[in-house]
Visitor: 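A single structure is presented below for examination.
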Amino acid sequence: MAAGFKIAEPLEYHRSFLKENCRPDGRELSEFRTTTLNIGSISTADGSALVKVGNTTVMCGIKVELTNPLVEAPGKGFIGFVRVHQENRRRPASQFIADVIESSEVIQTEDLCIERGKLCWVLYCDMMCVDYDGNVLDACIIALLAALKNTKLPEVTINKDTGAPEVNLEKRKGLNIRKHPVGASFCVFDDSILIVDPTAEEEGLSTSHLTVVTDEKARLCVVHKPGGTPLSAEKLQECIGRATARQREIQKLVDKVIHSVKTAQ
Amino acid sequence: MMEVCGSTNVSLREFGCEQTLLSRPDGSASFVQGDTSVIAAVYGPAEVKVSKEIYDRATLEVLIQPKVGLPSVRERSQEQCVRETCEASLLLTLHPRSSLTLVLQLIHDDGSRLACFLNAACMALMDAGLPMSCLFCGVTCAINADSEIITDPTAESRALMTFAIDSKEQRVMMSYTKGSFSVHELQQCIAVSQKASENIFQFYRDSVRRRYSKNL
């Protein structure tokens with residue numbers, strides 16, 4: 001009976017739950033789904049992470065390569081492509097993640113420079129959404145952060161005689177992660193009800209989406225609201241408050257997992 | 001070119017607009033903000049491909065063409081911002097199973113590109129006579145190294161934000177930000193953008209009034 005109602009009138013089905021201040025999967029309006037994190041599972045990548053937020057699963061792999069620095073920035077390395085692979089959708093998540101990296105200054109590009117004007121590291125980030133159940137942007141940011149923390153750069157010395165770089169794959173040191181940006185996505189139902197961490201169905205039925213990315217100093221890196229119905233200032237403030245709380249939870253989770261990987265090695 | 005705004009003073013560059021400049025599309029407009037210039041063209045309501053049709057609403061498609069080269073991921077993300085803003089203000093349910101196409105061509109970029117796209121899109125939709133529940137405008141705000149807030153910036157800054165404000169209640173419809181900033185700075189920028197949007201809506205009113213008074 002309920003299954004039939006859900007297919008015939010999905011919006012009314014969701015509204016009947018929202019009236020009772022809860023959602024079809026039993027969550028509160030401001031509750032995030034369980035987040036699980038696995039680091040370093042891809043041995044061929046220099047850094048990797050697998051994140052599951054509810055059913056949404058995102059895999060991130062980072063590869064580093066040596067290259068010449070860009071002409072206009074001889075003292076810095078750079079981030080190469082950031083690609084988010086998601087089938088059936090032309091969603092511009094790739095641009096969003098590239099903006100997050102740049103706006104949050106999660107890594108300082110000066111750290112990627114080996115020899116000014118001659119040699120630097122370039123990072124290629126690839127993200128694959130293995131299972132889509134809404135809120136892929138948050139999962140991508142968490143995966144990216146964890147993968148960057150997991151990335152180890154091999155030691156490079158420049159041979160004085162030949163000028164060629166010598167890479168020592170055995171000795172590696174981690175990237176210097178300066179900030180920890182974490183995102184929280186919200187969507188608005190019927191112009192008034194705000195829900196956190198939407199599933200794919202809820203995303204499809206909502207009238208507007210919002211993603212707020214904050215770092216540990218409670219500074220906002222990205223406030224991404226790609227159109228949709230207008231949002232009032234109080235609701236925006238509420239979202240920012242919730243995002244800051246989420247940032248602390250996720251940072252603890254990532255640190256815990258990194259620590260456990262280190263002690264296991 | 002750009003000016004720093006005080007507590008109640010908001011300044012934008014000169015803007016100019018021309019409607020119905022193209023003959024083939026159903027609606028077109030060009031919007032100029034300082035040196036940044038965009039042309040928008042609207043086609044519709046028209047036949048829609050069965051794969052893209054929605055049974056109870058019109059399907060809006062936005063295409064952004066950069067000045068040089070092919071559209072890239074950055075244009076896709078701007079298209080999403082413009083499309084969802086337009087979908088929220090157009091009365092799409094009046095044209096079910098139809099398609100609306102909005103094409104935006106960047107002529108020259110001197111800062112405030114996304115805001116200029118939004119303004120040109122709104123004027124073109126009005127020119128096409130499509131029913132809308134409210135008008136919207138784009139305002140760009142930047143926070144420079146001295147933590148001053150500047151509207152309609154042309155130079156580099158610590159943080160850059162573009163907002164789409166609606167005309168009914170001056171609320172934020174769309175937000176796109178780059179760089180990091182505090183919550184307080186965000187609130188201030190939104191307040192400044194809302195003030196600046198009044199100028200832009202007044203400009204819309206004046207240009208439409210001027211155009212239709214000639215016809216009479």
Side-chain angles (χ1 to χ4, degrees), chain A residues 11 81-84 88-106 137 178-179 181 187-188 191 204 206-241 243-244, chain B residues 56 60-62 64 71-90 114 118 121 133-134 136 138 141 143 158-191 194 197:
Chain A
L11 197 52
F81 304 139
V82 174
R83 278 230 209 84
V84 180
N88 299 337
R89 275 157 214 273
R90 288 170 84 224
R91 277 157 130 260
S94 318
Q95 182 63 34
F96 177 75
I97 301 291
D99 284 341
V100 170
I101 297 179
E102 203 184 312
S103 301
S104 64
E105 295 181 353
V106 60
L137 296 176
R178 305 166 92 252
K179 304 266 176 64
C187 68
V188 179
D191 302 348
S206 63
T207 50
S208 149
H209 308 114
L210 170 67
T211 304
V212 179
V213 179
T214 50
D215 70 13
E216 64 270 19
K217 297 204 176 67
R219 284 183 74 79
L220 302 166
C221 308
V222 174
V223 174
H224 177 75
K225 181 183 190 297
T229 51
L231 202 63
S232 67
E234 300 84 48
K235 288 254 152 54
L236 186 59
Q237 198 51 43
E238 219 182 288
C239 293
I240 294 175
T244 340
Chain B
D56 62 344
L60 174 66
E61 200 181 318
V62 178
I64 293 187
S72 69
V73 190
R74 187 158 63 153
E75 275 73 38
R76 294 271 165 270
S77 117
Q78 292 177 332
E79 282 170 14
Q80 185 196 20
C81 289
V82 173
R83 186 182 60 243
E84 297 203 14
T85 313
C86 295
E87 280 178 359
S89 58
L90 284 169
L114 185 54
L118 286 165
S133 63
C134 66
F136 55 89
C141 228
I143 306 179
R158 170 160 62 89
L160 190 71
M161 320 183 197
T162 305
F163 298 109
I165 312 279
D166 79 310
S167 60
K168 279 211 298 220
E169 287 169 32
Q170 271 80 46
R171 292 192 298 178
V172 174
M173 287 180 92
M174 189 279 300
S175 145
Y176 178 80
T177 66
K178 272 196 100 152
S180 75
F181 42 91
S182 70
V183 182
H184 180 61
E185 284 168 343
L186 175 71
Q187 311 283 29
Q188 276 184 309
C189 286
I190 293 182
Q194 285 169 327
S197 69

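A, B, ... follow the sequence lines: proteins, then strands. Residue 1 opens every chain.
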Visitor: For the candidates Val223(A), Leu236(A), Val213(A), which exhibits the highest count of non-hydrogen atom pairs separated by less than 4.5 Å from chain B?
Guide: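 Top count of heavy-atom pairs under 4.5 Å with chain B: Val223(A).
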Visitor: Could you tell me which portion of Ser104(A) (side chain, backbone, both or neither) has an atom closer than 4.5 angstrom to a non-hydrogen atom of chain B?
Guide: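 Nothing of Ser104(A), per the 4.5 Å heavy-atom cut-off to chain B.
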Visitor: Between Cys81(B) and Pro226(A), is there a side-chain heavy-atom distance shorter than 4.5 Å?
Guide: yes
Visitor: So which atom in Cys221(A) and which in Thr177(B) form the shortest heavy-atom distance, rounded to 0.1 Å?
Guide: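 So the two residues come closest at O-OG1, 3.8 Å.
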Visitor: Between Gln187(B) and chain A, with a heavy-atom cut-off of 4.5 Å, which part of the residue counts as in contact: side chain, backbone, both or neither?
Guide: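 Answer is side chain: those atoms of Gln187(B) sit under 4.5 Å from chain A.
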Visitor: Is it the side chain or the backbone of Leu210(A) that comes within 4.5 Å of chain B heavy atoms, both, or neither?
Guide: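 For Leu210(A), there is no contact with chain B at all, as no heavy atom is under 4.5 Å.
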Visitor: Rounded at 0.5 Å granularity, tell me how far CG in Leu186(B) sits from CD1 in Ile240(A).
Guide: 5.0 Å
Visitor: CG of Leu231(A) to CD1 of Ile190(B): how many Å apart, nearest 0.5 Å?
Guide: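 Reported to 0.5 Å precision, the distance equals 9.0 Å.
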Visitor: Heavy-atom distance under 4.5 Å between the side chains of Glu185(B) and Arg219(A), does that happen here?
Guide: yes
Visitor: Could you measure the distance from the OG1 atom of Thr229(A) to the CD atom of Glu87(B)? Nearest 0.5 Å is fine.
Guide: 11.5 Å
Visitor: Could you check Met173(B), Gln170(B), Met174(B), Lys168(B) and say which one makes a side chain to side chain contact (heavy atoms under 4.5 Å, CB included) with Pro230(A)?
Guide: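 With Pro230(A) as partner, side chain to side chain contact (heavy atoms under 4.5 Å, CB included) holds for just one option, Met173(B).
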Visitor: Can you confirm whether Arg74(B) sits close enough to Gln95(A) that some side-chain heavy atom of one is under 4.5 Å from a side-chain heavy atom of the other?
Guide: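 Side chain of Arg74(B) against side chain of Gln95(A), heavy atoms only: contact under 4.5 Å found.
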Visitor: Taking all heavy atoms of Gly179(B) and all of Ser103(A), pick out the closest pair and write down the distance.
Guide: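 Closest approach of Gly179(B) to Ser103(A), heavy atoms only: N-OG, 2.8 Å.
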Visitor: Do Val183(B) and Gln237(A) have side-chain heavy atoms sitting under 4.5 Å apart?
Guide: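 They are in side-chain contact.
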Visitor: Rounded to the nearest 0.5 Å, what separates atom NZ in Lys178(B) from atom NE2 in His224(A)?
Guide: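 Answer for the NZ-NE2 pair, Lys178(B) versus His224(A), is 13.0 Å.
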Visitor: Below 4.5 Å, heavy-atom pairs only: which of Val100(A), Leu220(A), Thr214(A) has the largest tally toward chain B?
Guide: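 Among Val100(A), Leu220(A), Thr214(A), the one with the most close pairs to chain B is Leu220(A).
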